[in-house]
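Below: the structure, in structure tokens.
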Amino acid sequence: MTQHATTVPLRDPAKAAVLAWLVPGLGHAYQGRYGKAALYATCILGLYLTGMIVGEWKMGFWTWSTPVFNPDKFRWHFLGQFWVGLPGALGLLQATLRHYGHEAVMGGLFAEPTQAIINGQYARLGKLVEISSIYTVVAGLLNILAIYDAYAGPAHQDDPAAARVDEKPAPMGGLTAEATP
């Protein structure tokens with residue numbers, strides 16, 4: 001008896017990957033994989049939101065600076081935070097608007113705070129700022145894996161023609177041997 005594996009309807013993998021980046025779990029919901037969608041959305045967004053709450057919503061911003069000329073202002077951890085999706089895109093948009101001399105949108109959400117606010121946050125929160133950064137970066141890095149899963153599908157799909165594990169294959173030529181008493 002053979003066991004047939006069900007196939008996963010991936011639909012449009014590129015669209016699923018973009019949706020998975022925009023909102024963790026959305027690409028999987030698009031593909032009809034609702035269990036994974038709920039798992040990814042809960043874990044990744046929960047981790048990201050926890051980090052943002054601990055950091056008093058001042059962690060997801062980008063600045064247009066280079067690590068060579070201004071290493072103190074360069075935000076390495078945003079490179080991980082960006083992959084959470086819409087918050088990363090909004091942080092990048094806010095930084096780009098500021099870089100070109102325009103006003104922030106959406107009330108400055110994910111825009112770079114003033115240096116006085118940043119200094120006050122570090123003084124008040126201490127090590128919690130670093131913990132907040134770690135949570136938000138790890139959420140972004142986990143979403144990279146979720147994006148790949150939305151694009152490529154499950155890591156392993158059983159071969160429908162393969163026999164079940166508890167079945168023993170027949171010897172060559174389909175002959176079987178019987179033991180004699």
Side-chain angles (χ1 to χ4, degrees), residues 11-31 33 36-153:
R11 297 176 73 181
D12 181 1
K15 184 176 181 180
V18 169
L19 291 172
W21 172 70
L22 284 173
V23 178
L26 188 59
H28 295 84
Y30 164 72
Q31 293 175 330
R33 300 191 290 164
K36 276 193 173 185
L39 178 70
Y40 287 142
T42 302
C43 294
I44 294 169
L45 292 176
L47 188 62
Y48 186 79
L49 289 175
T50 300
M52 291 300 287
I53 290 168
V54 168
E56 296 180 346
W57 299 95
K58 306 272 188 293
M59 298 310 301
F61 66 92
W62 173 250
T63 58
W64 285 107
S65 62
T66 63
V68 175
F69 298 114
N70 198 355
D72 293 336
K73 196 167 172 113
F74 188 75
R75 297 186 43 86
W76 289 100
H77 50 279
F78 184 79
L79 301 176
Q81 293 169 337
F82 173 78
W83 293 101
V84 171
L86 286 176
L90 186 55
L92 186 61
L93 173 68
Q94 299 286 32
T96 303
L97 288 172
R98 181 178 178 165
H99 181 72
Y100 288 107
H102 299 289
E103 292 292 320
V105 295
M106 296 182 64
L109 183 64
F110 297 106
E112 179 182 5
T114 65
Q115 192 60 45
I117 291 174
I118 293 172
N119 292 343
Q121 180 186 20
Y122 274 93
R124 189 175 56 263
L125 298 176
K127 294 288 184 184
L128 289 177
V129 172
E130 294 174 15
I131 292 170
S132 173
S133 294
I134 290 169
Y135 279 26
T136 54
V137 169
V138 169
L141 297 177
L142 286 173
N143 202 38
I144 292 173
L145 298 174
I147 292 166
Y148 178 75
D149 182 68
Y151 180 78

Taking ring-ring contact (aromatic ring centres under 6.0 Å, His included) as the definition, give me every residue that meets it alongside F61, ordered by chain and number, with sequence neighbours left out. none
Partners of R98 by salt bridge (Lys or Arg N to Asp or Glu O under 4.0 Å), sequence neighbours excluded? E112
Residues which pass side-chain hydrogen bond (donor to acceptor under 3.5 Å, both in side chains) with Q115, listed by chain and number, not counting sequence neighbours: N119
Which residues pass the ring-ring contact (aromatic ring centres under 6.0 Å, His included) test with Y151, not counting sequence neighbours? none
Can you check whether M59's main-chain N or O pairs, donor with acceptor, with Q81's side chain at less than 3.5 Å? yes
Check I147 against W83 and note the closest heavy-atom contact, atom names and distance. CD1-CE3, 4.0 Å
Within the supplied structure, the quantity of interest is the number of heavy atoms (other residues, nucleotides, ligands) at a distance under 6.0 Å from F78 CZ; does it exceed 12? yes
Distance-minimising heavy-atom pair for W21 and A89: CH2-CB, 3.7 Å
Which value, rounded to the nearest 0.5 Å, describes the distance between Y135 atom OH and I131 atom CD1? 6.5 Å
Show the nearest heavy-atom pair for residues P24 and I44, with the distance to one decimal. CG-CG2, 3.6 Å
Go through it in stages, so that I can follow the logic: the residues are W57 and L49, the test is side-chain contact (heavy atoms from CB on, under 4.5 Å), and I'd like the CA-CA distance, side-chain angles, deciding distance and then a yes or no. CA-CA 9 Å; W57 299 95; L49 289 175; 3.8 Å; yes
Determine the minimum heavy-atom distance between R75 and W62, stating which atoms define it. O-CZ3, 3.6 Å
Measure the shortest side-chain to side-chain distance between L141 and I144 over non-hydrogen atoms and say whether it is less than 4.5 angstrom. yes
Just by distance, do the side chain of Q94 and the backbone of L109 share a donor-acceptor pair under 3.5 Å? yes
What is the minimum heavy-atom distance between L128 and V54, and which atoms define it? O-CG1, 3.5 Å
Considering all heavy atoms, the nearest V84-T136 contact: CG2-O, 4.1 Å
Looking at W64 versus F74, is the centre-to-centre ring distance below 6.0 Å? no
Between W76 and V137, is a side-chain contact (heavy atoms from CB on, under 4.5 Å) present by the stated rule, with each step listed? CA-CA 10 Å; W76 289 100; V137 169; over 6 Å; no
So Y40 and D149, do their side chains get closer than 4.5 Å, heavy atoms only? yes
Residues passing the salt bridge (Lys or Arg N to Asp or Glu O under 4.0 Å) test with K58, sequence neighbours excluded, are none
Distance check, rounded to the nearest 0.5 Å: L47 atom CG versus I134 atom CD1? 10.5 Å
Pairs flagged by salt bridge (Lys or Arg N to Asp or Glu O under 4.0 Å) wherever residues 116-127 is involved - sequence neighbours left out: E56-R124, K127-E130
With a 4.5 Å heavy-atom cut-off, do F110 and L93 have their side chains touching? no
